[in-house]
Enquirer: 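The structure follows.
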Amino acid sequence: QVQLVESGGGLVQAGGSLRLSCAASGRTAGYYAMGWFRQAPGKEREFVAAIRWSGSRTSYAAAVKGRFTISRDNAKNTVYLQMNSLQPEATAVYYCVADSLDLGRPKASGYDHWGQGTQVTVSS
């Protein structure tokens, strides 16, 4: 089993930046794609970004492309999400995910490990 623990969420003003981190522990041997989803109040959970084990392939939701950057440090079993130019619509709980098939697909069913989530609130 893989445990994922997110950190770095918080309150930020519109136009500001935050960097989320997600540390994986447990049975981390193997090649996992990792990524981020988010869920705003009253809305469905949505894909944000993903990165495959090698780090050579990343994917982003259209809403965040160009402002968010996903990266990973496999030596630390950690994935990051740098979020710039944040707007109030980015307010959500952000979930770290891992995919043991290393596909990094933009759908929730493609991930078999989920973190507990970290709250990001962007004030206007």
Side-chain angles (χ1 to χ4, degrees):
Q1 188 72 359
V2 175
Q3 291 79 43
L4 304 173
V5 179
E6 304 95 337
S7 61
L11 174 64
V12 64
Q13 290 187 334
S17 298
L18 279 176
R19 188 175 84 151
L20 304 183
S21 300
C22 172
S25 62
R27 297 185 64 181
T28 56
Y31 302 99
Y32 288 86
M34 296 185 76
W36 296 89
F37 281 71
R38 68 186 180 186
Q39 188 167 20
K43 295 188 177 181
E44 294 187 355
R45 196 168 293 187
E46 64 176 1
F47 171 76
V48 176
I51 184 168
R52 296 180 70 174
W53 172 262
S54 67
S56 62
R57 292 190 180 184
T58 58
S59 58
Y60 296 91
V64 307
K65 200 167 187 177
R67 298 184 297 113
F68 290 15
T69 302
I70 189 169
S71 60
R72 66 189 297 162
D73 183 341
N74 289 339
K76 296 181 179 179
N77 290 323
T78 300
V79 65
Y80 305 96
L81 185 68
Q82 177 67 43
M83 305 185 292
N84 298 329
S85 301
L86 284 163
Q87 299 301 315
E89 52 265 32
T91 295
V93 176
Y94 283 71
Y95 297 91
C96 177
V97 294
D99 165 23
S100 59
L101 297 180
D102 194 26
L103 295 176
R105 292 161 291 182
K107 56 181 183 178
S109 61
Y111 296 86
D112 41 5
H113 302 283
W114 289 73
Q116 292 299 308
T118 185
Q119 177 70 46
V120 171
T121 303
V122 184
S123 63
S124 58

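Side chains are part of it too, since the values below use all heavy atoms of this structure and drop only hydrogens, waters and symmetry mates. The structure presented is a predicted model; accordingly, all values stated were derived computationally and were not measured.
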Enquirer: Do you know which two heavy atoms are closest between Leu20 and Trp36, and how far apart they sit?
Expert: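 Result for this residue pair: CB-CH2, 3.6 Å.
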Enquirer: Give every residue pair that meets the salt bridge (charged side-chain N to carboxylate O under 4.0 Å, His left out) criterion with at least one member in residues 46-62, sequence neighbours excluded.
Expert: Arg38-Glu46
Enquirer: Over all heavy atoms of both residues, which pair between Tyr111 and Ala50 is shortest? Give the atoms and the distance, please.
Expert: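 Where Tyr111 meets Ala50 most closely, the heavy atoms are OH-CB, 3.4 Å.
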Enquirer: If we ignore hydrogens and angles and just use 3.5 Å, is the side chain of Glu6 paired with the main-chain N or O of Cys22 as donor and acceptor?
Expert: no
Enquirer: Give the minimum heavy-atom separation between Ser21 and Thr78, together with the two atoms involved.
Expert: CB-CG2, 4.4 Å
Enquirer: Can you tell me how the ring of Trp53 sits relative to the ring of Tyr31, calling it parallel under 30°, perpendicular over 60° and tilted otherwise?
Expert: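 It falls in the perpendicular class, over 60°.
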Enquirer: Quick check on the hydrophobic clustering: are Phe47 and Tyr94 connected, directly or via other members, by side-chain heavy-atom contacts under 4.5 Å?
Expert: no
Enquirer: I need the Leu86 CG to Phe68 CZ distance, nearest 0.5 Å.
Expert: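 CZ of Phe68 is found 5.0 Å from CG of Leu86.
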Enquirer: How long is the straight-line distance from CG of Leu18 back to CD of Gln82, given to the nearest 0.5 Å?
Expert: 8.5 Å
Enquirer: Is there a path of hydrophobic side-chain contacts, each under 4.5 Å between heavy atoms, that joins Val48 and Val97?
Expert: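 No; tracing contacts between hydrophobic side chains, which count when under 4.5 Å, never links both residues.
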Enquirer: Measure across Ala33 and Asp102 and return the closest heavy-atom pair with its distance rounded to 0.1 Å.
Expert: N-OD1, 3.3 Å
Enquirer: Heavy atoms, side chains only, cut-off 4.5 Å: are Ile70 and Arg72 in contact?
Expert: no
Enquirer: Measuring from atom CE of Met34 to atom CG of Asn77, what distance do you get when rounded to the nearest 0.5 angstrom?
Expert: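 The distance works out to 8.0 Å.
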Enquirer: When you group the ILVMFWY residues by side-chain heavy-atom contacts below 4.5 Å and let the links chain together, are Phe37 and Val93 in the same group?
Expert: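 Same hydrophobic cluster.
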Enquirer: The criterion is side-chain hydrogen bond (donor to acceptor under 3.5 Å, both in side chains); which residues satisfy it with Asp73, sequence neighbours excluded?
Expert: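 If we apply the side-chain hydrogen bond (donor to acceptor under 3.5 Å, both in side chains) test to Asp73, skipping adjacent residues, there are no hits.
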Enquirer: Quick one: closest heavy-atom pair of Ala49 and Tyr60, and the distance?
Expert: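 Shortest heavy-atom contact: CB-CD2, 3.6 Å.
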Enquirer: Closer than 3.5 angstrom, by distance alone: can the side chain of Thr91 be matched with the main-chain N or O of Val122 as a donor-acceptor pair?
Expert: yes
Enquirer: Rounded to the nearest 0.5 Å, what's the gap from OG on Ser59 to CD1 on Ile51? Could you check?
Expert: 9.5 Å
Enquirer: Which pair of heavy atoms, one from Arg27 and one from Val2, lies closest together, and at what distance?
Expert: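 Scanning both residues, the minimum pair turns out to be O-CG2, 3.1 Å.
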Enquirer: Would you check, one step at a time, whether the test side-chain contact (heavy atoms from CB on, under 4.5 Å) holds for His113 with Gln1?
Expert: CA-CA 8 Å; His113 302 283; Gln1 188 72 359; 4.0 Å; yes
Enquirer: Is there a path of hydrophobic side-chain contacts, each under 4.5 Å between heavy atoms of I, L, V, M, F, W or Y residues, that connects Leu4 with Val120?
Expert: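 Per the 4.5 Å side-chain linkage, Leu4 and Val120 are co-clustered.
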Enquirer: For the atom pair CZ (Arg19) and CE (Met83), what is the distance rounded to the nearest 0.5 Å?
Expert: 11.5 Å
Enquirer: Is it the case that atom CD in Gln116 sees more than 12 heavy atoms from other parts of the structure closer than 6.0 Å?
Expert: no
Enquirer: For Cys96 and Val79, run side-chain contact (heavy atoms from CB on, under 4.5 Å): C-alpha distance rounded to whole Å, both residues' side-chain angles, the deciding distance at 0.1 Å, then the answer.
Expert: CA-CA 8 Å; Cys96 177; Val79 65; 3.9 Å; yes
Enquirer: Does Ser54 have any side-chain hydrogen bond (donor to acceptor under 3.5 Å, both in side chains) partners at least two apart in sequence or in another chain, and if so, which?
Expert: Ser56
